[in-house]
Amino acid sequence: QVQPVESGGDSVQAGGSLRLSCAASMYTYNFNDMTWFRQAPGKEREGVAGIYFSNTYYADSVKGRFTISRDNGQKTVYLQMNSLKPEDTAMYYCAAGRPYGSNWADTYAYKYWGQGTQVTVSS
């Protein structure tokens with residue numbers, strides 16, 4: 001398996017929490033540089049959170065609510081999502097393989113994408 005594999009999506013009520021997982025192929029791309037994106041119906045794909053070694057990056061819309069982390073032993077990147085809102089409803093994707101120095105939130109920079117996992121938040 002070369003592409004990342006996401007899991008953990010579900011339907012929850014507003015204010016709830018979910019943890020998404022992204023299983024990575026460490027030998028295909030830099031596992032220390034992984035990013036979560038999301039795409040809602042009719043909207044462009046947007047960067048949600050990225051992790052580059054010990055540095056983390058977040059979209060303004062999720063700061064303080066989402067946390068990205070990595071388990072090197074499990075080769076897995078997580079996205080802990082708290083205080084979920086209906087506007088967080090989207091397909092969430094894990095991405096890897098961007099060139100060094102590129103913008104973490106640049107959709108076109110990534111070579112490897114997972115199939116996505118659906119998150120639905122109801123009010």
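Numbers here are sequence positions counted from 1.
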Enquirer: Can you run down the salt bridge (charged side-chain N to carboxylate O under 4.0 Å, His left out) pairs that involve residues 14-23, sequence neighbours left out, and say none if there aren't any?
Expert: none
Enquirer: Going by disulfide bond (SG atoms under 2.5 Å apart), name the pairs with one or both residues in residues 28-123, residues two or more places apart or in two chains.
Expert: Cys22-Cys94
Enquirer: Following the transitive rule for hydrophobic clusters with a side-chain heavy-atom cut-off under 4.5 Å over Ile, Leu, Val, Met, Phe, Trp and Tyr, establish whether Met81 and Val12 coincide in one cluster.
Expert: yes
Enquirer: For the atom pair OG1 (Thr76) and CD (Glu6), what is the distance rounded to the nearest 0.5 Å?
Expert: 12.0 Å
Enquirer: How would you list, by chain and number, every residue that makes a side-chain contact (heavy atoms from CB on, under 4.5 Å) with Ser7, sequence neighbours excluded?
Expert: Ser21
Enquirer: Linking Ile, Leu, Val, Met, Phe, Trp and Tyr by side-chain heavy atoms under 4.5 Å, what else ends up with Tyr108?
Expert: none
Enquirer: Can you confirm whether Thr67 sits close enough to Tyr78 that some side-chain heavy atom of one is under 4.5 Å from a side-chain heavy atom of the other?
Expert: no
Enquirer: If only atom types and distance count, is the side chain of Thr89 paired as donor or acceptor with the main-chain N or O of Val121 below 3.5 Å?
Expert: yes
Enquirer: Considering residues at least two apart in sequence or located in another chain, which fulfil the side chain to side chain donor-acceptor pair (under 3.5 Å) criterion with Asp71?
Expert: none
Enquirer: Identify every side-chain donor-acceptor pair in residues 32-40 under 3.5 Å, counting partners at least two apart or on other chains, and give the distances.
Expert:
| from | atom 1 | to | atom 2 | distance (Å) |
| --- | --- | --- | --- | --- |
| Asn32 | ND2 | Asn30 | OD1 | 3.4 |
| Asp33 | OD1 | Arg98 | NE | 3.1 |
| Asp33 | OD1 | Arg98 | NH2 | 3.3 |
| Asp33 | OD2 | Arg98 | NE | 3.0 |
| Thr35 | OG1 | Tyr110 | OH | 2.6 |
| Arg38 | NE | Glu46 | OE2 | 2.7 |
| Arg38 | NH1 | Asp88 | OD1 | 2.9 |
| Arg38 | NH1 | Tyr92 | OH | 3.0 |
| Arg38 | NH2 | Glu46 | OE2 | 3.2 |
| Arg38 | NH2 | Ser61 | OG | 3.4 |
| Gln39 | OE1 | Arg45 | NE | 3.3 |
| Gln39 | OE1 | Arg45 | NH2 | 3.3 |
| Gln39 | NE2 | Lys43 | O | 3.1 |

Enquirer: Do any pairs count as a disulfide bond (SG atoms under 2.5 Å apart) and have a residue in residues 36-65, sequence neighbours left out, and if so which ones?
Expert: none
Enquirer: In terms of hydrophobic clustering (I, L, V, M, F, W, Y; side-chain heavy atoms under 4.5 Å; direct or indirect links), are Val2 and Phe31 co-clustered?
Expert: yes
Enquirer: Run the ring-ring contact (aromatic ring centres under 6.0 Å, His included) test against Tyr58 and tell me which residues pass, sequence neighbours left out.
Expert: none
Enquirer: How many angstroms lie between atom CD of Gln3 and atom NZ of Lys111, to the nearest 0.5 angstrom?
Expert: 10.0 Å
Enquirer: Going by the rule side chain to side chain donor-acceptor pair (under 3.5 Å), which residues pair with Asn82 if we only count those two or more places apart in sequence or in a different chain?
Expert: Ser17, Gln80
Enquirer: Enumerate the residue pairs fulfilling disulfide bond (SG atoms under 2.5 Å apart) with a member in residues 37-78, sequence neighbours excluded, ordered by first and then second residue.
Expert: none
Enquirer: By side-chain contact (heavy atoms from CB on, under 4.5 Å), which residues pair with Pro41, not counting sequence neighbours?
Expert: none
Enquirer: In terms of the angle between their ring planes, are Tyr100 and Tyr52 parallel, tilted or perpendicular, with boundaries placed at 30° and 60°?
Expert: tilted
Enquirer: Does atom CD of Glu87 have more than 12 heavy-atom neighbours, drawn from other residues, nucleotides or ligands, at distances under 6.0 Å?
Expert: yes
Enquirer: For Gln13 and Ser122, indicate whether the former's side chain and the latter's backbone hold a donor-acceptor pair under 3.5 Å.
Expert: no
Enquirer: Any disulfide bond (SG atoms under 2.5 Å apart) pairs touching residues 36-93, not counting sequence neighbours?
Expert: none
Enquirer: Can you find a heavy atom in the side chain of Phe66 that is under 4.5 Å from one in the side chain of Leu20?
Expert: no
